[in-house]
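For this chain, numbers begin at 1 and follow the sequence in order.
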Amino acid sequence: MSEPRTPRVGQVKEITSLSNPIVKDIKALALKKFRDEQHAFMAEGLKLVIDALEGGWTIRTLIYSKAGIGNPAVEKVAARTVALGGLVLEVSEKVLGAITRRDNPQMVVGVFEQKLTKLPDIRLSAGDVWVALDRVRDPGNLGTIIRTVDAVGAKGVVLVGETTDPFSLETVRATMGSVFSVPVARATPEAFLAWKAKAGAMLVGTHLNGSVDYRTPRYQGRPVVLLMGNEQQGLPDELARACDELVRIPQAGRADSLNLSVATGIMLYEVRRAALEIGDRLA
């Protein structure tokens, strides 16, 4: 794919045609191949765009529908985008729907530069909690887990092996903006295990063959890395053997397993239980 064919940055441009080359370049970001080539991704909705800007993420393009004209919040974000050197596009609702692949799109979309944390740069302290996800496949699961990590005050997410893209439009939507405040790192299984060996963390894996109730271990006093397996296959033997604890969430009904994001949420709230109180928000 060629470099985005955009006018000079810091401009505002009106576009109504679906065949406009700028629109085509933005629509291409729906595919991982082009997100990786452009090192960019889309975030849909005014709240997510504001969250990204407040978090210091670099905006390349702001797209808003004509319905946003006169909206003070939209105009403020547009002015901020121009000031940061980004491109602002005023488009028809039809164009915005084509970009987002939705019949009723929100009136604002931002295109941002991707940002990943390097695994060797992660330094763990007592009380830190990270979630490691082995080959997570579903973007809704990944987005919900990132949102839950944010909610409980955990530190971030490590994606192990071949996983779904944290910058897909579906994943970003499911995070409800938490993707902009939760660090995400990628690692091969080998690199993850080497990092774990040096990090001094307690590695806790969930496993159907685990003999320990998830409420039993003492999670306080040292950093914890919570390792969750693939939706269909669970943890492979290599990763399961590396765990300091293999735990299981008890079940009384006929279901043979829990949804990955639900299980991760249960585990996160147990691991972080001592740090969470009703009425308090984390700093």
Exercise for the section: Write out all pairs satisfying salt bridge (Lys or Arg N to Asp or Glu O under 4.0 Å) with one or both partners inside residues 244-255, taking only residues at least two apart or from two chains. Expected result: Lys196-Asp244
Assigning hydrophobic clusters by single linkage (Ile, Leu, Val, Met, Phe, Trp, Tyr; side-chain heavy-atom cutoff under 4.5 Å), is [X] placed with [Y]?
X	Y	value
Val225	Ile146	no
Val157	Phe180	yes
Val224	Phe192	no
Leu29	Leu169	yes

Minimum side-chain heavy-atom gap [X]-[Y] below 4.5 Å:
X	Y	value
Val212	Pro217	yes
Ser168	Arg35	yes
Val77	Leu46	yes

Problem - Spacing of Ile63 atom CD1 and Ile15 atom CD1 [to the nearest 0.5 Å] - result: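 Reported to 0.5 Å precision, the distance equals 9.0 Å.
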Problem - Approximate separation, where rounding is to 0.5 Å, of Leu268 CG and Arg273 CZ - result: 13.5 Å
Problem - salt bridge (charged side-chain N to carboxylate O under 4.0 Å, His left out) assessment of Glu93 paired with Lys66 - result: CA-CA 7 Å; Glu93 188 168 328; Lys66 294 182 182 299; over 6 Å; no
Using the side chain to side chain contact (heavy atoms under 4.5 Å, CB included) criterion, which residues pair with [X]? Sequence neighbours excluded.
X	answer
Ser257	none
Ala242	Leu193, Leu203
Ile266	Tyr214, Ile249, Leu258, Val262

Exercise for the section: Check the angle between the aromatic planes of Phe41 and Phe167 and answer parallel, tilted or perpendicular using the 30° and 60° thresholds. Expected result: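 Answer is tilted, since the angle falls between 30° and 60°.
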Practice task
Answer yes if the side chains of Arg186 and Thr117 hold a donor-acceptor pair under 3.5 Å, and no otherwise.
Solution key: no
List the atom pairs, donor and acceptor, that lie under 3.5 Å between side-chain atoms in residues 133-140 and the rest of the protein, sequence neighbours left out.
unit_1 : atom_1 : unit_2 : atom_2 : d
Arg135 : NH1    : Gln233 : OE1    : 2.5
Arg135 : NH2    : Gly234 : O      : 3.1
Arg137 : NH1    : Glu162 : O      : 2.8
Asp138 : OD2    : Gly140 : N      : 2.9
Asp138 : OD2    : Asn141 : N      : 2.8

Practice task
Scan Asp51, Thr148, Asp150 and name whichever one has a side-chain hydrogen bond (donor to acceptor under 3.5 Å, both in side chains) with Ser178.
Solution key: Asp150
Handout entry: Any donor-acceptor pair under 3.5 Å from Gln114 side chain to Ala40 backbone
Key =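 Looks like yes, one N/O pair under 3.5 Å.
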Problem - SB check Arg80 Glu75 (cutoff 4.0 Å) - result: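 So Arg80 does not pair with Glu75 through a salt bridge.
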Handout entry: Residues Arg173, Glu44: salt bridge by 4.0 Å N-O rule
Key = yes
Practice task
Check whether more than 12 heavy atoms from other residues, nucleotides or ligands sit under 6.0 Å from atom NZ of Lys115, and answer yes or no.
Solution key: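 It does: Lys115 NZ has more than 12 such atoms within range.
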Handout entry: Crowding at NZ, Lys47 (>12 non-hydrogen neighbours, <6.0 Å)
Key =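 Correct, the count exceeds 12.
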In residues 118-131, what donor-acceptor pairs under 3.5 Å come from side-chain atoms, sequence neighbours left out?
unit_1 : atom_1 : unit_2 : atom_2 : d
Arg123 : NH1    : Pro120 : O      : 2.2
Asp128 : OD2    : Ser125 : N      : 2.8

Problem - Pair Phe112 + Trp57: ring centers closer than 6.0 Å - result: no
Problem - Candidates Ile69, Leu96, Val49 - the one meeting side-chain contact (heavy atoms from CB on, under 4.5 Å) with Tyr64 - result: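 So the option named by the test is Ile69.
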